[in-house]
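Computed from a prediction, not measured in an experiment: that's the story for all the values here.
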Amino acid sequence: MFTLAPAPLPSGKEGKRSVTPVRRLDPVLVDRIAAGEVVERPAAAVKELVENAIDAGARAIDVTIEAGGRRLIRVVDDGAGMTPEDLGLAVERHATSKLPTGDLAAIDTLGFRGEALPSIGAVARLTIVTRAADAPAGSSIRVEAGQKGSVRPAPAAFGTRVEVADLFAATPARLKFLKSDRSEAQAVAEAVRRLAIAHPSVRFTLSGDHLAAVVYPPEGEGEHGFLRRAARVLGADFADNAVPVSMAREGFALSGHVGLPTYHRAASTHVHFVVNGRPVRDKLLLGAVRGAYSDVMASDRHPVLALRIDCDPRLVDVNVHPAKTEVRFRDPAHVRGLLVSAIRDALARAGFRSATTGGVRTLEALRPAGAGPARPAPPTLAGWQAPLDPPGRPAFNGFGDSAQAVLEVPPSADARAGAHEPEGAALDAPLGAARAQVHGTYIVAQTRDGLVIVDQHAANERLVYERLKRERAASGVARQLLLIPEVVDLDPVDADRVLAEAGTLESLGLVVEAFGPGAVLVREAPAALAGGRIKALIQDVADALAEWETASPLEERLDAVLSRMACHGSVRAGRRLKPEEMNALLREMEATPLSGQCNHGRPTYVELKLSDIERLFGRR
C-alpha cells in the first residue's frame, strides 16, 4: 500500500496540494543514487576495482592514489582484459560477466552486482583502457558524470588500466563527508591489505601521497603461502606468535592461523576473515572469535588472526550488503560452533606458549632512556631470595603448608644462589630450572640460552583454573567439607542470586545454603581451594553470577564462575616458595595448556634470550 507524495505549495499560498505523478528517474540520477550505496568513499572504489582485477585473473595489481583517492585512483592489472564490445557493456548498469548462469545462489566471484563501474562513472571521470590477450590492439572508453563516451582504439598493454579522477566531483555534497586525505589514504591501504591476505598468490603494490609505498610479492599457494602473506601484512612477528588452525565439518573447511592470547591488539583491525576468497567483516564471525578467546584474553583486547572459510557457495549469501563486506550463512550456529571449537583446540595445542614479544617489551623497559653504547649500571641484588637446596620435582600443591614454605633468608642477596648448579634435565626444560625468587612474587629460572621470569600468582591462577575445569568435565569438582561452616554476609540481592544458583554451584564444588536475610552458609568448598578466603570467594562468585548473560552458553557461564574461584586458590604474590615448589610450578606450567596467560589474559612469564641480554649490556 502506498500513496503519492503531494507537491509542496508555493510559499505564502494555501489550498489543496497538487499530487506529483510517478515518473521514472533519470538514469544518471539512478547511477548517482547507486553510487551512494556502493562507493561511499575512495577506499570502496579501490576495493571494487581491485576485486574486478582479481576476478579477471590478474597476477599483479598496481594501485596508485592521490589526495587520499579523491583526486585520482589508478588500478592497473595484467588480467584477461576486455574486448571493445565487453568494454562498452561494462559501464552499463546491471551488466556483468560474473553470473554466466544467472544463478544468484551459486556465486564464486568477488563481485557480481554490475553497479561499480557505472556508479563510479556517475560521480567522477572514469577512464578505462584495456586489451584482451588475443587482441591486436587495445580500446578505451570515458565516462564523465554519467555521460558515456564511445569506445575507441587505444595503445595498451595486456590487461586493464582504470583511472578515476575527481571522485564525487558530480556530487560535491558527498565531499563534505570525506575525512582528511591521510585518513582516506589509510582506509585505502586497509582495503588493499585485506584483499592481499585473501589472495596471497597475487602481487600487490600500493603507492600515493600520505602512504609509504607497499609491495606484497606473490606467495605460493596453500597454507604456507597464506601464512607468509599474513605475516607481511600483520607483522613479521605474527608467524612466531601464531598457531595453525585446520578443521572441516559438514561442508565447511576452516584453515589459517590465530595469534596466541598474549599477542593481542587494542582494536579488531588485525582480525582477518576470508570467505570463499572474499575478505569480510562479519558480526557473526567477530562474535565467534570473541567467544573463543573469552577465557584467555582481557575483554578490552583483540586477537590477531587470519582465517579462511571455504564452502559451497550455496551455503552462504554474499549479496546482503552493498559493499559486500558482510555475509549470511545458511546455518550461522554451525559456523560459530566450528570457529569456536577450532580456535580453542588450536590454542590448547599451543600449550604453555606465550608471545615472544613479551621479552622484547621487557628489554625495552630495562633499557635506560636515551642509552647509548655505554653499558647500563648493574642491577642491585637486594630483595632476591635464592634457593638453598638443589631443585627437585615434587607435585606442586596449591596453598600447602605456608609455614614450611617460608624461606629463612635475609632480604639482602644470598651468595649461595649459584652454589648448586641445576641439573641438566631441568636446564633443558622449556621453562628451565628455578634459580631465585624476587620480591616474593617472581620466579627467575635459568635455561640453556637465557632466563625466564614467572609471575607465580598469575601462573598458579591459571593452573588452578584449568584443574577445576578438568574436574568439572570429568566427574564434578572435588569438594572438601569445612570443619567449621562459614557464614558470609552479602547484599540481599547478591545473597538471593547465590542461593538461586545453589544447585549449579554445588556441581562446581561449592555447597551453600540460606542463613537468614542477606547471609549464606558455606558448608563445602572445592578441594583445590582449601585454605582460601571463603568470604572473598563467595563475593567474587556473586559478582560473576551478576555478570552472567542468560543467552551465553552454560559452559561459558560455568567457566566464568570457576575463573573467579581460581583466583582464591592461587599462590599469592609475596609468598616465598621453596626451590622444589618453584620447580614443580614450572613443570606443571609446561604440562598445562593455556598456562602462558592468566585468567585475565595477562602473560604468566617472559623469556629473555642470552643474546638479547648481552646486547642490553653492550656485549654484542
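Rounding to the nearest 0.5 Å places OG1 of Thr262 at 11.5 Å from CZ of Arg301. The distance from atom CD of Glu471 to atom CG of Leu562, rounded to the nearest 0.5 Å, is 9.5 Å. To the nearest 0.5 Å, the span separating NE2 on His199 from CZ on Arg229 amounts to 10.0 Å. Rounding to the nearest 0.5 Å gives a distance of 10.5 Å between CG of Asn460 and CG of Asp455. The CE atom of Met247 sits 4.5 Å away from the CG atom of Asp345 when rounded to the nearest 0.5 Å. We find the CE-CZ distance between Met297 and Arg290 to be 7.5 Å, quoted to the nearest 0.5 Å.
Between the side chain of Asn276 and the main chain of Cys311, a donor-acceptor pair closer than 3.5 Å is present. Under the 3.5 Å distance criterion, the side-chain polar atoms of Thr604 are matched with a main-chain donor or acceptor of Ser595. Listed for the Arg281 side chain is a donor-acceptor partner under 3.5 Å among the backbone atoms of Val271. A side-chain donor-acceptor contact under 3.5 Å links Arg349 to the backbone of Pro244. Side chain of Arg462 to backbone of Gln597: a donor-acceptor contact under 3.5 angstrom is found. In this structure, Arg602 contributes its side chain and Ala298 its backbone to no donor-acceptor pair below 3.5 Å. Although no hydrogens or angles enter the test, the distance criterion places no donor-acceptor pair under 3.5 Å between the side chain of Arg472 and the main chain of Ser507. Distance alone, capped at 3.5 Å, is enough to place a donor-acceptor pair between the Asn241 side chain and the Asp237 backbone. The closest donor-acceptor contact from the side chain of Gln480 to the backbone of Leu529 lies at 3.5 Å or more, if one exists at all. Checked by atom type and distance alone, the side chain of Thr441 pairs as donor or acceptor with a backbone atom of His439 at under 3.5 Å.
Sorted by first and then second residue, the ring-ring contact (aromatic ring centres under 6.0 Å, His included) pairs with a member in residues 331-356 read Phe252-His334; sequence neighbours excluded.
Nearest approach of Tyr293 to Pro261, heavy atoms of both residues: CE2-CA, 4.2 Å. Between Asp540 and Arg564, the closest heavy-atom pair is O-NH1, 3.4 Å. What you find for Leu510 and Pro526 is that their closest heavy atoms are CD1-CD, 4.2 Å. Summarising the geometry of Gly432 relative to Leu586, their closest heavy-atom pair is O-CD1, 3.6 Å, with the distance given to 0.1 Å. Summarising the geometry of Ala519 relative to Asp489, their closest heavy-atom pair is CB-OD1, 3.5 Å, with the distance given to 0.1 Å. A pairwise comparison of heavy atoms in Tyr605 and Gly596 identifies CE2-CA, 4.2 Å as the closest pair.
The pair Glu506-Arg479 counts as a salt bridge, with a side-chain nitrogen and a carboxylate oxygen less than 4.0 angstrom apart. Salt bridge status for Glu607 with Lys609: present, with a side-chain N to carboxylate O gap under 4.0 Å. Between Arg194 and Glu190, at least one side-chain nitrogen of the basic residue sits less than 4.0 Å from a carboxylate oxygen of the acidic one, meeting the salt-bridge criterion. At a threshold of 4.0 Å, the pair Arg470-Glu466 does not count as salt-bridged, since none of the basic side-chain nitrogens sits closer than that to a carboxylate oxygen.
Put simply, the side chain of Ser341 reaches to within 4.5 Å of the side chain of Arg249, judged on heavy atoms. In this structure the side chain of Val488 never reaches within 4.5 angstrom of the side chain of Val498, judged on heavy atoms. Looking only at side-chain heavy atoms (C-beta outward), Phe515 and Val520 stay at 4.5 Å or farther from each other. Using a 4.5 Å heavy-atom cutoff, the side chains of Asp331 and Leu315 are not in contact. Between Thr447 and Leu431 the shortest side-chain heavy-atom distance does not fall below 4.5 Å. For the pair Glu486 and Ile538, the minimum side-chain heavy-atom distance is 4.5 Å or more. With contacts defined as side-chain heavy-atom distances shorter than 4.5 Å, the pair Arg344/Ser294 qualifies. Leu545 places none of its side-chain heavy atoms less than 4.5 Å from the side chain of Thr504.
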Check the pair Val318 / Val275 against side-chain contact (heavy atoms from CB on, under 4.5 Å), numbers first and verdict last. CA-CA 9 Å; Val318 299; Val275 178; 5.7 Å; no

May I have the step-by-step check of side-chain contact (heavy atoms from CB on, under 4.5 Å) for Arg523 and Leu482, ending in yes or no? CA-CA 6 Å; Arg523 293 195 176 277; Leu482 299 182; over 6 Å; no

Please report the C-alpha distance between Arg314 and Arg330 in whole Å, then the side-chain angles of each, then the deciding distance to 0.1 Å, and finally whether the side-chain contact (heavy atoms from CB on, under 4.5 Å) criterion is met. CA-CA 8 Å; Arg314 298 181 183 276; Arg330 179 177 296 181; 4.2 Å; yes

Would you sort out whether Glu223 and Ser255 count as a side chain to side chain donor-acceptor pair (under 3.5 Å), showing the intermediate values? CA-CA 8 Å; Glu223 287 306 308; Ser255 61; 3.1 Å; yes

Under the side-chain contact (heavy atoms from CB on, under 4.5 Å) criterion, do Val541 and Leu537 qualify, and how do the steps go? CA-CA 6 Å; Val541 168; Leu537 170 63; 4.2 Å; yes

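A side chain to side chain contact (heavy atoms under 4.5 Å, CB included) with Val327 holds for exactly one of Ile309, Leu284, Val280, Asp317; it is Val280.
Counting only N and O atoms by type, the side chains of Tyr465 and Asp295 include a donor and acceptor under 3.5 Å apart.
Open room surrounds NE2 on His224; 12 or fewer heavy atoms of other groups in view lie less than 6.0 Å from it.
In this structure, Tyr263 and Phe238 have tilted ring planes: the angle between them lies in the 30° to 60° band.
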